[in-house]
Each structure stands twice: as structure tokens, then as C-alpha cells.
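Hydrogens, waters and symmetry mates play no part in the numbers below; they use all other heavy atoms, side chains included.
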Amino acid sequence: MENQKHFVIDFDSTFTRVEALDVLCEISLRGKDDAETSLQKIKDITDLGMEGKISFRESLEQRIEILRAHKSDLPELIARLSEQVSESFQRNKEFIKKYSDQIYILSNGFKDFIVPIVEHFGISEDRVFANEFVYDESGNIVGFDKDNMLSQNNGKPNKIKSLHLEGEVYVLGDGYTDYEIKKAGIAHKFYAFTENVRRQNVLENADHEAPNLDEVLYLNKMERALSYPKSRINVLLLENIHEHGVRKLQEEGYNVKVHPAGMDEDELCEAIKDVSIIGIRSKTNITKKVLDNANRLLAVGAFCIGTNQIDLVECQRKGVAVFNAPFSNTRSVVELAIAEIILLMRNIADKNVSMHNGVWDKSAKGSFEVRGKTLGIIGYGNIGAQLSVVAESIGIKVQFFDLEEKLALGNATQCKSMDELLETSDMISLHIDGRPENAGFMKEEHFSKMKDGVIFLNLARGPVVDIAALKKYVLSGKIRGVGVDVYPEEPKSNDEEFVSELRGLPNTILTPHIGGSTLEAQENIADFVPGKIMEYINTGSTNNSVNFPNIVLPTLKNAHRFIHIHKNEPGILAKINHILANHNLNIVGQYLKTNEEIGYVITDINKNYDEEVIKNLKNIKETIRFRVLY
């Protein structure tokens, strides 16, 4: 922070989250019959004064008259205000203490309660300019010092003018009286502080909106608690992400925009230009073209299990971390699979249609119990394994096939070949991922090897099944029941028609990609994915990322963290450490992990470093992305 800069900061609704006289009113009128009415009057008068609709002197006189406060009320007021300091001021307490000799608290409030609050932040009484209460002999607050410059109209600009400050003056506040300093030509910039309250007429006159103190410090390239103001992180959430996830990201301080449907490539190329975090489900594709237009993208959140709709390699090459929810909706998918197996074994799909058409067909023909039948699970991952457990608990025999050797749960057995599973299973459920090589995984040759009268489910990925071949074997009767939740082509929103060759087939249950769409699952996903993304943004931790080397990092304490993402080529760590050594930097901790495409180096250093080191680290030829965390 340069010596020629002076920061003039308001107190009410800026340094603290509240208007102090409103709180004093709550205390002084507690238990009185007119307390609620008086408090509302105080708030209304405060707003009129802040918006410049009545003179400040008039506002102050009216509020003091309503208060009926006593000196003995002040200790409680001070205690309550101490707990209401704005979050960004609490976060940057060390900065305020360090540069307190260049900070002024300028308020139309009262020194009687302001000084005890700001002293804890290292701001001395002689740097606090505010009004002072007048008390009678009994300690009642009966007025204010009318000779005080700040009790008069235009008090703030006149007070700053009287200080004869040399250098640049920056004003941070939420009210019209703060803007008056800039209007008088005394301040170089006026920042409208909106962390606690947003007054439109104040914003219209501001040089810049400051959603928090971090924003002001960032713009002026000063030390701060956060390396990057969270309000500058733009988040785009598509496809009806659960409100819990939206709220969680908003509460973190991010600027969140919600779009209810998916977007096609061209739409997304335009929408993603200034986005730092994008959240999608299964309908939106993050392609190379989209990523080429993503100038500020740090992370992608897949609010689902699958990530085949995301170009993971291109994300790596651009330094974009991808996170999904591999476990959060597992139970929901398993329950749907069990339900459909039972319904299809009982031929409920057709019987339900018949009943709605007025046909009473009471018969046991083609209806079977699932107990004692054999379920073949193709793909024994998180969902396949849990399906195995739940199916066995209701008396189903379970066998599975997976390309890898897997630990069988319960009494399940692993088939030596896929053909073995196809030829011996009464029900088959597909649970493989959507990697490109799995496209068309289930072909006609596989359907032909299944037992006659088999039940087949695909709740995995749409492209992994040859739909034409599936239809052929349903119509032939070989497959007597089908449950499908995913499709090669799916509507981008609920307004589009669903088109598929599977429509109208007998004993066929078609669901609109809702395997994981239970309220419980969506809330779990909406908690898990934002949590991982925020952890990555705040600490650099890549735990559970699907495309970055996974590193779990300790909390950053008394250090700066350099995050260097680079092409995975030999010698990069040596280059990084050579630059750090040349700048005599003390390394507190260092972490390195690589995968096929990228290397991920995290270096914690002591707080004092030359800005030139940042430039040198960014200029390493293999660098993909570099950022600093404080």
C-alpha cells in the first residue's frame, strides 16, 4: 500500500453490517409498547438520509428524539456491534492493522460506540471522525454536539477538506453522504460498498461497486486475505442444478447465474466467455470449441456421475479442473434398477397401459417373482456393486462381469467372460461408463447370446447400446422386458419432444434420464460438487478431480501458495525451484504430482517476495496456468 493513498471508510453498514442507531433503538426501547413502531421509524429515517432525500441534520435530530437511550445502553450496543463487523473487514483484519495509519473512519454516527469497535483493528481514536452524544445529568442521551462539523449538512466533505490530506483519497461507504466527498472534488474515487446494503442512487454515482473490501484491495493491488475477490468469480449453472448447490455457491460469495436448460455448442461458446466455474449435468457438452472460448474458466462441475460429455483432456491442456459426484446418486440409480426389474418381471408396464385403456386382464401368465432368478451386472463399479448388494438382499442371485478383477460383495460371483454372463442371466443390467471406446458396446451379437425371455436394463449411458438391435430383439420376443433411462440423443429441455425407436415397444419402461433424479440424490450432489470446487479454488486441493493429479493440501497458514500447472515434461520442478532460489525465497512446503498430460506443483512460501518472481514463473515455457493464493 503506497504512502500517498488515504482510505476514508464509513462505519454503519460498511465497517459493520448494521446501522448502529437501529441496534441502539432495539436496546433502549426493549419492552416498551411502541418499540416496533419506533424502530421502523428509525430505519425509514436512516434510509431517507442515506439516499439523500432529507438533510443529514434533520435525519439525526429525528432519530435521537425517537431513541430515548441512556448511557448505560452503550456497553450492550458495543458488544453487539463487535459481533456485526462486516465479514470482509474481519477477513482483512491484519491488513487494516498494518496500514491503520493510512485509514480514516469517517461517520455520521457517534464516537461513543465507534472507537471501541475499530480500536480492536488497530485504528486509534485520533483517526476516527464522528459525532458525539450529549447526555443530561442522569445519563440520558438528549442530543448531539451541534458544533461538530459532522452533525451538519456536507459534514463529511468539509471534514476531509479540513485534514489537508496529501496524495490520493479513496472513499468506501454505502450512503449518499459518502459520495458527497467525491462530488465535492476531494476524493479521487468513491467505492459504493454493497456487502451489506445496496442503494441504487448511490451506485449510480459511484466510480465502482465494491461488494466487499477484498474488491477494493484487489483493484488497488494491495495485500489482502483473498488472492482474488470471490465476487469476481462468475458461476454459470445449467440444467436445473438443485437450489442447495446454487445457494452454497452464492453463500461463498460467488456471482452465480442460473439457466434452467442445457445449451448447444454455439450458445455455450457465447455464455462461457467470462465464466470461472460452470456446472452442468448430462445434456451439455463441454467441447474443445467451448473451452477455446472460456477465457477465465478454472473449474467444471459435473453434477452427476458421468463426465463423457466433457473433453477432459482438453480441460487438462487448458488448466481446467473437473469434478463430478461419483457416489452421491448411487443409491437412487440402484433403487430405480430394482424397481424396474420387479415391474418388468411382472409385466406391469403393459398391464398398466391396459388398465388405463379399460382392459381388465387378470392373469399370472408371463409374471414371475425375482427371488431365485439370476441378475447379471455388466460393470461392477460404484453402482453395479451396490445394486449387487441390494438385489441379493431380496433373494436374487448375482453375477457380474468387469474388465478388471473386482472384489465380489456378498455372495456375488464374477463371470470369466461376458458371454458367460449373457448366456446364464435372467435379468441383465448395464453399468459401464461413457468413454468413447464404449460407444455401441452392446451390439446385436450380444443380444443374440442372451437367454430367451431376458429382462434388459440400461441406466448407464445412452450411446453404449445399439438401439436398433435392442428394438429388433424386443419385437422378436427374445427380450421380454426393457428398462431404459438414457439415450444416444436426448432433449436439451423439457420443452423438446423425446424421439426414440423404443417408443411403443411392449413391456418397455422408458424414463427421462432420472436414475439419479431424486431430491435426496440431487441435494447430495449439490453439496458434494460445489464443496470440491470451492476447496480447489480456495486451497488448490484437487482431491476427487477426474482429470487433475489428485493432491490433498493442508490449510494455508502464514504463507503464500504458488499453484503452477504445466505440461508434463522433464525438468519443470527444477526450473521452478531455480527461480525461487534466485529470489531467495524460503519454501515452507512443496507438493508435486503428474499424470499423462500435466504436472501440478504447489509451493508454499513465506509472505515476503518480489513481484518479479510471479512474472518469471509464468514465463516458464511449459506453463499452462499459474495463480497465487494468500
Side-chain angles (χ1 to χ4, degrees), residues 239 280-285 302-310 312 324-341 343-344 375-391 398-404 406 412 414-415 418 421-422 425 427-447 450 454-471 473-474 479 481-490 498 500-502 508-518 521 525 546:
E239 304 181 60
I280 63 170
R281 292 175 71 184
S282 57
K283 295 185 178 71
T284 303
N285 293 311
F303 285 70
C304 52
I305 295 176
T307 56
N308 57 294
Q309 71 278 37
I310 303 166
L312 297 178
N324 69 335
F327 316 111
S328 300
N329 65 359
T330 299
R331 179 69 185 195
S332 295
V333 177
V334 167
E335 287 188 4
L336 181 62
I338 291 292
E340 291 195 353
I341 287 170
L343 292 172
L344 292 169
L375 170 63
I377 300 173
I378 301 175
Y380 205 66
N382 296 324
I383 294 176
Q386 188 166 147
L387 175 59
S388 169
V389 172
V390 177
V398 179
Q399 58 185 15
F400 66 91
F401 174 76
D402 198 287
L403 294 176
E404 300 177 8
K406 293 291 182 76
Q414 184 165 5
C415 294
M418 189 165 157
L421 181 142
L422 296 174
S425 297
M427 302 94 70
I428 295 173
S429 192
L430 190 59
H431 297 285
I432 64 175
D433 63 36
R435 69 187 71 179
E437 53 267 38
N438 280 342
F441 178 87
M442 291 295 295
K443 302 179 177 65
E444 181 168 348
E445 62 186 86
H446 298 113
F447 292 122
M450 294 179 183
V454 70
I455 299 294
F456 176 77
L457 301 185
N458 180 21
L459 278 66
R461 299 290 181 272
V464 301
V465 174
D466 182 336
I467 296 297
L470 175 59
K471 179 181 179 179
Y473 283 93
V474 172
I479 299 175
V482 174
V484 179
D485 187 52
V486 288
Y487 310 89
E489 299 291 335
E490 296 181 1
F498 166 64
S500 173
E501 293 182 67
L502 301 178
T508 297
I509 299 174
L510 304 180
T511 49
H513 205 145
I514 56 168
S517 295
T518 60
I525 292 170
V546 296

Check for a donor-acceptor pair, side chain of [X] on one end and backbone N or O of [Y] on the other, with a separation under 3.5 Å.
{"X": "Q414", "Y": "K406", "result": "yes"}
{"X": "E335", "Y": "S332", "result": "no"}
{"X": "D466", "Y": "A469", "result": "yes"}

Side chain to side chain contact (heavy atoms under 4.5 Å, CB included) evaluation trace for L457 with L344
CA-CA 10 Å; L457 301 185; L344 292 169; 3.7 Å; yes
For the pair Y380 and F400, name the ring-plane relationship: parallel under 30°, tilted 30 to 60°, perpendicular over 60°.
parallel
Would you compute the distance between atom CZ of R281 and atom CD1 of I305 and round it to the nearest 0.5 angstrom?
12.0 Å
Nearest 0.5 Å please: distance from the CE atom of M427 over to the CD1 atom of I341.
5.0 Å
Least distance between heavy atoms, [X] atom then [Y] atom:
{"X": "V398", "Y": "S388", "result": "CG1-OG, 3.5 Å"}
{"X": "Q309", "Y": "C304", "result": "NE2-SG, 3.6 Å"}
{"X": "N329", "Y": "G516", "result": "ND2-CA, 3.6 Å"}
{"X": "P326", "Y": "N382", "result": "O-ND2, 3.3 Å"}
{"X": "V484", "Y": "E340", "result": "N-OE1, 4.3 Å"}
{"X": "I310", "Y": "A302", "result": "CD1-CB, 4.0 Å"}

For a 4.5 angstrom cut-off between non-hydrogen side-chain atoms, does [X] reach [Y]?
{"X": "F441", "Y": "M418", "result": "yes"}
{"X": "Q399", "Y": "I377", "result": "no"}
{"X": "V454", "Y": "S425", "result": "no"}
{"X": "L375", "Y": "S429", "result": "yes"}
{"X": "S282", "Y": "H513", "result": "yes"}
{"X": "V486", "Y": "L459", "result": "no"}
{"X": "V482", "Y": "L470", "result": "yes"}
{"X": "I525", "Y": "N324", "result": "no"}

Would you sort out whether I383 and V334 count as a side chain to side chain contact (heavy atoms under 4.5 Å, CB included), showing the intermediate values?
CA-CA 6 Å; I383 294 176; V334 167; 4.0 Å; yes
More than 12 heavy atoms from other groups under 6.0 Å of CD on E489:
no
Verify side chain to side chain contact (heavy atoms under 4.5 Å, CB included) between L510 and Y487, making sure each step is shown before the conclusion.
CA-CA 10 Å; L510 304 180; Y487 310 89; 3.5 Å; yes
Full working for side-chain hydrogen bond (donor to acceptor under 3.5 Å, both in side chains) between T307 and R435
CA-CA 8 Å; T307 56; R435 69 187 71 179; over 6 Å; no
Say whether [X] and [Y], considering side chains only, have a donor N or O and an acceptor N or O under 3.5 Å apart.
{"X": "D485", "Y": "T511", "result": "yes"}
{"X": "R461", "Y": "N308", "result": "yes"}
{"X": "E239", "Y": "T284", "result": "yes"}

Taking it one step at a time, do I428 and I455 satisfy side chain to side chain contact (heavy atoms under 4.5 Å, CB included)?
CA-CA 6 Å; I428 295 173; I455 299 294; over 6 Å; no
Ring centres under 6.0 angstrom apart (Y473, F456):
no
